[in-house]
Protein chains: 2
Amino acid sequence: MRRMTTEQLSPAEPAVPTKQRILYASAELFRRRGYSGTGLKQISQASHAPFGSLYHHFPGGKEELGEDVIRESGEFFRVLVESVFDGEPDLVSGVRAVFDGAAETVRVTDFQDACPVAVIALEVASTNERLRLATADVFESWIVSATARFTAAGFPKRRARELALALISALEGAFVLARAMRDTTALTVAGRTLADTVERELAALPRRS
Amino acid sequence: MRRMTTEQLSPAEPAVPTKQRILYASAELFRRRGYSGTGLKQISQASHAPFGSLYHHFPGGKEELGEDVIRESGEFFRVLVESVFDGEPDLVSGVRAVFDGAAETVRVTDFQDACPVAVIALEVASTNERLRLATADVFESWIVSATARFTAAGFPKRRARELALALISALEGAFVLARAMRDTTALTVAGRTLADTVERELAALPRRS
DNA sequence: GTCTATAGAAGGATAGAC
DNA sequence: GTCTATCCTTCTATAGAC
């Protein structure tokens, strides 16, 4: 599967528009050092963009940049996870593949990368309503996306959304543990546990006509 | 149950030793504004301690203070969760009570408080080895604590630890979602999902002699 | 739209009087 | 142990030349 990182999208090549370079570099820095822990000068340097360009492309300053990073990263990961699901024969193996893919990614990046949405969500949920709302919107879009998978597999809508919530919760939480402990076991175990639940409930579902 | 917050432990009363006031105020600020997002001058102000006292009690500066906050908060929450478990008649209702208690807490604090350990873990796991190690130690202590509960209920040690990992992952992840979305559903759903898994596996366990 | 320079505030840290 | 004053760096943001 594709690696769950945006690293390869932050080149110094002039072919990539300045605004995109800034966005990608910001996402990389935010997910590793946090939102508060990342300075605009660092972003300017990492994106090979002069400092003034940041305020040209993001007149709202760091906050606007943060919001754009959240929303773009959210979209990126939603598409990525959907592609992982699409590459699997059924829902249960799809769930396993998502967690195993995440485990592989954190291992390959030497436990450097976290989910930028979760990092910012934890940091600013209490203090910055604009960014909090952006993270909430992203989580909701992920939930809607996953819920559709579960309903398509036969779950009633209500239960499908609950399982989507449980999936994303487990994934984000296991990410935190795996990175802190430098051990991917939390991710693989969380994935298998949830996959087992889905499999069992799926088998107990009444047959569709 | 007791509220999952240290708020009440950060009084201005001179009866509380300065060092403790600093620790409590730091924990409060870190969990709401993050580690990088909290300044030492803020801590000095919130703890009603002169700035110099910070470096008197924590010669290692912000990093030492951060480590102490992680380890003390970790111990605090471990004891708190154990007391919740002890107040329930069995393991399954204990699991539910922990998640429901967490949901109640975030609701009561108006979604202000996160888990300080998770916040710092996400922020600094890649950039500060000392703090990363402290968060890893805390997570490990939680896992050990939860594993003991599961083994006592009859699970084999290997599976007990897996369930402990799944529990803490789900709890931390649901915390992130609940706070960002200002909705405790993620916590209650994650708790119920995990409790169901535990209940089912418990029933399938061979009877103990 | 690119880039430099700098303002003004806040950051962590230290020295030293009391 | 308490508290004030200050140092130097870094932060976000802005002004303005090109």
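Lettering follows sequence order; numbering is per chain, from 1.
Atom OH in A:Tyr35 sits about 12 Å away from atom C1' in D:dC11, given to the nearest Å. When the C1' atom of C:dG12 is taken as reference, atom NE2 of B:His57 falls 18 Å away, rounded to whole Å. When the P atom of C:dG11 is taken as reference, atom OH of B:Tyr55 falls 12 Å away, rounded to whole Å. The nearest whole Å value for the distance from the CD atom in A:Gln45 to the P atom in C:dT4 is 12 Å. Atom P of nucleotide D:dT9 and atom CG of B:Leu40 are separated by 18 Å, given to the nearest angstrom. One atom, CD of A:Glu64, and another, C1' of D:dT12, lie 14 Å apart when rounded to the nearest Å.
For D:dG1, the OP1/OP2 oxygens have no side-chain nitrogen or oxygen of B:Thr18 closer than 4.0 Å. For C:dC3, the OP1/OP2 oxygens have no side-chain nitrogen or oxygen of A:His56 closer than 4.0 Å.
For the pair A:Gln42 and B:Pro50, nearest-nucleotide mapping onto DNA chain D gives the more 5' position to B:Pro50. Mapping A:Ser36 and A:Gly52 onto DNA chain D by nearest heavy atom places A:Ser36 at the nucleotide closer to the 5' end.
Although no hydrogens or angles enter the test, the distance criterion places a donor-acceptor pair under 3.5 Å between the side chain of A:Lys62 and the main chain of A:Tyr35.
Closest to the side chain of A:Lys41, out of D:dT2, D:dT12, C:dG11, is D:dT12. Here C:dA5 is the nucleotide among C:dG12, C:dA5, C:dT2 with the atom lying nearest to any side-chain atom of A:Phe51.
Within 6.0 Å of atom CD in A:Gln45, 12 or fewer heavy atoms from other residues, nucleotides or ligands are found, so the atom counts as exposed in its surroundings.
Interatomic distance, CG of B:Leu177 versus OG1 of B:Thr185, reported as 10.5 Å (0.5 Å rounding).
Contact annotation: the side chain of B:Thr184 approaches that of B:Phe111 to within less than 4.5 Å [non-hydrogen atoms, C-beta and beyond].
Looking at heavy-atom distances under 4.0 Å, A:Gly39 makes contact with sugar-phosphate atoms alone, never a base.
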